[in-house]
Number of protein chains: 2
Amino acid sequence: MKSQKNTHVTLQQVAEHAGVSRATASLVVRGSQNISETTREKVFNSMHELGYVYDRVAANLRSKSSTTVGLIIMELANPFYSELLIGIHQTLDQFGQTVILGTTFDSCTIQDRLLSTMLEHRVGGVILSAVPGTSGEAVERVRRWGIPIVLVNRILPGTQCDFVGIDNVAGGQLAVEYLIRQGHRRIAFLGGLAKLSSWQGRKQGYDNALRQAGLEIDHSLIIESPATRDCGIELIQRLLSIPNPPTAVFCYNDIMAIGAMMKMKEMGLTPGKDIAIVGFDDIPEAAIFTPKLTTVSSAIRLMGSHAAALLHARMENPDNEPQNIVLQPELIVRDSCSHSLSAMVPPLDKNLI
Amino acid sequence: MKSQKNTHVTLQQVAEHAGVSRATASLVVRGSQNISETTREKVFNSMHELGYVYDRVAANLRSKSSTTVGLIIMELANPFYSELLIGIHQTLDQFGQTVILGTTFDSCTIQDRLLSTMLEHRVGGVILSAVPGTSGEAVERVRRWGIPIVLVNRILPGTQCDFVGIDNVAGGQLAVEYLIRQGHRRIAFLGGLAKLSSWQGRKQGYDNALRQAGLEIDHSLIIESPATRDCGIELIQRLLSIPNPPTAVFCYNDIMAIGAMMKMKEMGLTPGKDIAIVGFDDIPEAAIFTPKLTTVSSAIRLMGSHAAALLHARMENPDNEPQNIVLQPELIVRDSCSHSLSAMVPPLDKNLI
DNA sequence: CTGAAAGCGCTTACAG
DNA sequence: CTGAAAGCGCTTACAG
């Protein structure tokens, strides 16, 4: 009657209206089996008539459950993370969980604050792409509360934890082997911070490929930097002005590769023709740039999807063994490294192949 | 002592440990002024010693408040929306609010479901980029629950609601006037769905600019479509094969413009030289593409930031007049439309300028 | 299948 | 500044 301004209808009121007890109404809302068809209908009718809205927050409090998951990433502006969010959000949605988002900008302080906030919000679990240098204590604090945590993309040494990531070694190797097959001998590894586990992996793959081809590692061709576009722009310039510049560049990630290619074009160079470029991640931008970027796919959405599934499994079964999911990368060949350079480089020693 | 597996510490226990009442402890946690320094310290010490974590969910339930905001957008894969999310998330963060995200994929059914979920989660407010064709009833249902709602980017006719968006008419006019000044006379308006308020605005701006220059509107140059990259690819092809093709194209948004330019390059055409292209939104990709896309900025992050601020203001002051924030667009001149075409087109009649 | 009671962890008055 | 009591909206046993 007086439902002009829907003053909050409670389950209590629904029960009274339907002529049943609160407990019964509660069972109906939660879809219990042991309720007669007629009772169920009576309750549903009352719900609709009164405009009832289930209060998940109250329910969660009482039953000590949770329908939210905390996601902590570096920043949204990086397409890698928005893709990751897409994957995570999509599969969490299927489990009826909603995500609470936090961005660290790679600051440990912010990450600590976010972790606290998530605990205060009683999240059912946390998906964390950890700031490099995160202490094991930080994740322990969360788990001591009985809140499961899965690490994504970035490994945390010394922590027994569910993890999902890409095989960076294989990825790096894939990229550099390809460049070698294209005839390149001087191949740079550009950008990324050496403290990141993903950098170490990719670098390892780079080393492996070079070594297997009998090529020497020239440390002047390996330059560290934050993995930003601007650094890509800056580093390629530096790299091309050294006495004996590389003919190919394996970039730490696509963002850097795109920065590098932009600068090259500005310098009058044609990426893929004058210098070969390979990226890592396969962000959407890689396919729209000219030339289209040859890159190693990180299967980002899939990674997100796995992270969500892993967390869900862990929430159901807290005491299982920690799982490690390592996705296999794939080389996506596009236009940023053609054969045209092979003429200028000497063939490999026969005995090495 | 037994804090191995931190069994949930409650405020009750903190109070006991500190030798104060529950009420006092509660006041301390919330930072009340009327507490003596010594009491405050005692309580804080106990909190740390016991490893207490404030339960925001319980607090919100009791005090009928909320620290979450629902955000409903079309999809995350569209850079426009991830930029919007960045703006919203950032300023909501400053207000201590966290966002619960939902994506509609432009389906009314999904949107209704999301709205319900948000209500069940007791969000303190909703920021909605509404599916075209959303009934006013849907937003009324939310507001009847006393939950404020702000519309972002897409207007909803007949709804009295806070709103923040861009001046699409001015934006369209800016773009087309620029093309006319560059010497173009046959200018297409490519893509977008006519049912979207933003399409109608941009189209209006297009009409205005043409009319003011004394140019006729040729309806064969106006093609509707979903605002996707693939449609951009498809439409440009169709547009260029008509008997008297345009020399310039104003695209509904940047995504379509990029699709169109990709196709043109594939066809051996140089965007900006053979045909001028202007986009709308200024997504990050616009600055990366070759040629760099000349476009109308939607000030996306700012829009998100305003939406968050508006919602916050409304939550504080539910009974104020609904506010309308209309951002002024800006033309970002880059490389996708040069002067080089001006030679091929006749000058404007003098009496029209 | 139902009802009465207790409780999730906090805040809200209100009397001291 | 403090304590005892009630209550936010729900779920959980448990006896019928």
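All of these numbers come straight from a predicted model, not from anything done at the bench.
Distance, B:Leu27 CG to C:dC10 P: 14 Å, rounded to whole Å. The OH-P distance, from A:Tyr54 to D:dC8, rounds to 18 Å in whole Å. Taking atom NE2 of A:His121 as the reference point, atom C1' of C:dG9 lies 15 Å away to the nearest angstrom. Taking atom CZ of B:Arg40 as the reference point, atom C1' of D:dC1 lies 12 Å away to the nearest angstrom. One atom, CD of B:Glu16, and another, C1' of C:dG9, lie 14 Å apart when rounded to the nearest Å. Residue A:Met47 contributes atom CE, which lies 16 Å from atom P of D:dG9 at whole-angstrom precision. Protein atom CD1 of B:Ile35 is 12 Å distant from nucleotide atom P of C:dT11, rounded to whole Å. When the C1' atom of D:dC10 is taken as reference, atom CD of A:Gln13 falls 13 Å away, rounded to whole Å.
Using a 4.0 Å heavy-atom distance criterion, B:Leu61 is classed as a base contact. Across all strands, B:Ser21 comes closer than 4.0 Å to base atoms (heavy-atom distances). As judged by a 4.0 angstrom heavy-atom cut-off over every strand, A:Ala59 is placed among residues touching the sugar-phosphate backbone only. At the heavy-atom level, B:Val20 lies under 4.0 Å from the strands shown only through sugar-phosphate atoms.
Nearer the 5' end of DNA chain C, as judged by each residue's closest nucleotide, is the contact made by A:Glu37, out of A:Arg22 and A:Glu37. Nearest-nucleotide mapping onto DNA chain D: of A:Asn60 and B:Arg62, the residue sitting toward the 5' end is B:Arg62. For the pair A:Gly19 and A:Ser63, both in contact range of DNA chain C, the more 5′-proximal nearest nucleotide belongs to A:Gly19.
No donor-acceptor distance shorter than 3.5 angstrom exists from the side chain of B:Thr159 to the backbone of B:Cys161, with no hydrogens or angles considered.
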Next on the checklist: Working note: A:Val142 + A:Leu119, criterion side-chain contact (heavy atoms from CB on, under 4.5 Å); need CA distance, chi angles, decisive distance, verdict.
Outcome noted: CA-CA 7 Å; A:Val142 173; A:Leu119 289 183; 4.3 Å; yes
Item to check | side-chain contact (heavy atoms from CB on, under 4.5 Å) between B:Ile73 and B:Thr103, intermediate numbers included | outcome: CA-CA 5 Å; B:Ile73 56 178; B:Thr103 45; 4.0 Å; yes
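Between A:Lys64 and D:dT11, a side-chain N or O to OP1/OP2 separation shorter than 4.0 Å is absent. Between A:Thr39 and C:dT2 there is a side-chain N or O to OP1 or OP2 distance below 4.0 Å. Taking side-chain N and O atoms only, B:Arg122 has no distance below 4.0 Å to OP1 or OP2 of D:dC10.
The side-chain heavy atoms of A:Asp162 and A:Leu311, taken from C-beta on, include no pair separated by under 4.5 Å. Annotation: side chain of B:Val14 is not in contact with side chain of B:His17 (no heavy-atom distance under 4.5 Å). Between B:Gln111 and B:Thr134 the shortest side-chain heavy-atom distance falls below 4.5 Å. Proximity of A:Phe80 to A:Asn153: side-chain heavy atoms (C-beta onward) are separated by under 4.5 Å at one or more points. Looking only at side-chain heavy atoms (C-beta outward), A:Leu76 and B:Gln90 stay at 4.5 Å or farther from each other.
Listed nucleotides D:dG9, C:dG9, D:dT11 differ in distance to B:Ala58; the shortest reach to its side chain belongs to C:dG9. Among the nucleotides C:dT2, C:dC8, D:dC10, the one closest to the side chain of A:Thr10 is D:dC10. Picking from C:dT2, C:dT11, D:dT11 the nucleotide with the shortest atom distance to the side chain of A:Thr24 gives C:dT2. Among the nucleotides C:dC10, C:dT2, D:dA13, the one closest to any side-chain atom of B:Asp55 is C:dC10.
Remark: DNA chain C takes part in the stems C:1-3 with D:14-16, C:5-12 with D:5-12, C:14-16 with D:1-3, each of 3 or more antiparallel Watson-Crick or G-U pairs, criterion distances under 3.5 Å.
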